[in-house]
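Computation of the quantities below employed the complete heavy-atom set of this structure, encompassing side-chain atoms and omitting hydrogens, waters and symmetry-equivalent molecules.
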Amino acid sequence: MRGETATLSCHFKVESLKYGVQWFKMKSEKQLIPKSSRQFVVEKNQTSSLVIAEVTLEDSGWYYCEVNVLQKDPEWGNGTELVVLAPPSAPQIYLQSPTDPHTGQWALFCLTGGFHPSKLTLTWTYQSAGAIIDHLPLTNCTLPAPHPHAELSEHLTDGPVLSSDRLWNPKCFQVTDNHSREAYLFSMFLLPQKESLETGITFTCSVQDHPARTAALTTSFTWDASPNELIGHLNIFKMCFLSAVTAIFLLEAVKHCRVQAK
């Protein structure tokens with residue numbers, strides 16, 4: 001896990017006392033691992049261990065030890081792959097208000113992020129006292145996506161829905177930070193009109209199927225208040241979220257322009 005300590009061990013057997021061990025990380029070519037306060041080597045009883053403290057996502061990769069014996073060719077081990085995982089954040093639900101809260105269409109967003117690798121499922125479910133089936137899956141957003149920064153495919157259920165529309169047009173989107181390699185996933189769908197509901201509906205957003213977590217992360221929102229009450233008590237997501245997404249893409253565009261200029 002990101003932030004933990006990784007220990008990679010290399011075992012060998014040599015008869016000569018004149019030998020040395022070096023550690024390399026393989027990228028386009030082998031790179032010698034320099035000793036630092038975060039990366040150091042411990043040797044004992046013909047075993048060399050590379051210790052990497054507070055691992056980051058950039059530390060992921062293949063590591064090799066090389067044993068050099070006097071007057072002999074160097075020998076390599078089979079290599080050890082270090083995989084660093086970053087767990088997803090707890091999902092957060094935001095409410096997007098329309099221009100006219102009384103007649104417009106409201107929407108729910110669910111956001112999770114900061115995870116690596118890009119392998120995750122975000123699921124919407126609902127529960128209502130007036131529904132025949134509890135926890136009916138609404139839509140699943142599954143990573144990896146076919147193309148980075150592209151709209152993800154959504155999978156709708158064949159079961160009953162809560163309005164005459166097909167399920168309020170659910171959408172899934174992915175944004176990846178090219179610098180930190182962290183991924184962000186958010187899903188949205190349009191809420192049913194209040195006039196079409198007899199009872200309140202509790203929507204639950206679940207994040208699961210990530211290799212860094214064994215249990216699902218969930219959060220819920222109940223759509224049962226009038227628009228005026230919602231405006232007074234909930235964090236309206238409309239401007240904040242769109243501004244944040246715009247800022248991310250602008251930063252990426254500036255980085256790209258700088259690279260082109262160089």
Exercise for the section: Could you tell me whether the side chains of Thr222 and Thr202 share a donor-acceptor contact shorter than 3.5 Å? Expected result: yes

Problem - Check: Tyr64/Glu66 side-chain N/O donor and acceptor closer than 3.5 Å - result: no

Practice task
Evaluate the ring planes of Phe109 and Phe186, with Trp represented by its six-membered ring, and classify them as parallel (under 30°), tilted (30 to 60°) or perpendicular (over 60°).
Solution key: tilted

Practice task
Report yes if some heavy atom in the side chain of Pro91 is under 4.5 Å from a heavy atom in the side chain of Leu122; otherwise report no.
Solution key: no

Practice task
State whether a side-chain donor-acceptor pair under 3.5 Å links Tyr94 with Gln96.
Solution key: no

Exercise for the section: Measure the spacing between CG of Leu120 and CG of Leu217 and express it to the nearest 0.5 Å. Expected result: 9.0 Å

Problem - 4.5 Å side-chain heavy-atom contact, Val84 and Thr56 - result: no

Problem - Exercise: identify the closest heavy-atom pair between Pro34 and Gln39 - result: O-NE2, 3.7 Å

Completion exercise
On a heavy-atom basis, the closest approach of His210 and Ala86 is CE1-O, 3.2 Å

Practice task
Flag yes if Phe12 and Trp23 sit in one hydrophobic cluster, no otherwise; membership is Ile, Leu, Val, Met, Phe, Trp, Tyr, and two members link when side-chain heavy atoms are under 4.5 Å apart.
Solution key: yes

Fill in the blank from the handout: Partner of Asp59 under side-chain hydrogen bond (donor to acceptor under 3.5 Å, both in side chains), picked from Arg38, Lys25, Arg2, is Arg38

Exercise for the section: Hey, could you give me the CD/CG distance between Glu81 and Leu8, rounded to the nearest 0.5 Å? Expected result: 11.0 Å

Exercise for the section: Check each of Trp62, Tyr63, Trp76 against Phe24 using the ring-ring contact (aromatic ring centres under 6.0 Å, His included) test, and report the only one that passes. Expected result: Trp76

Practice task
Kindly say whether Gly113 contributes a backbone atom to a donor-acceptor pair with the side chain of Glu182 at under 3.5 angstrom?
Solution key: no

Practice task
State plainly whether one hydrophobic cluster holds both Leu85 and Leu185, where clusters connect Ile, Leu, Val, Met, Phe, Trp and Tyr through side-chain heavy atoms under 4.5 angstrom apart.
Solution key: no

Practice task
Decide whether Tyr126 and Phe221 are clustered together by the hydrophobic rule: side chain heavy atoms of Ile, Leu, Val, Met, Phe, Trp, Tyr closer than 4.5 Å, transitively.
Solution key: yes

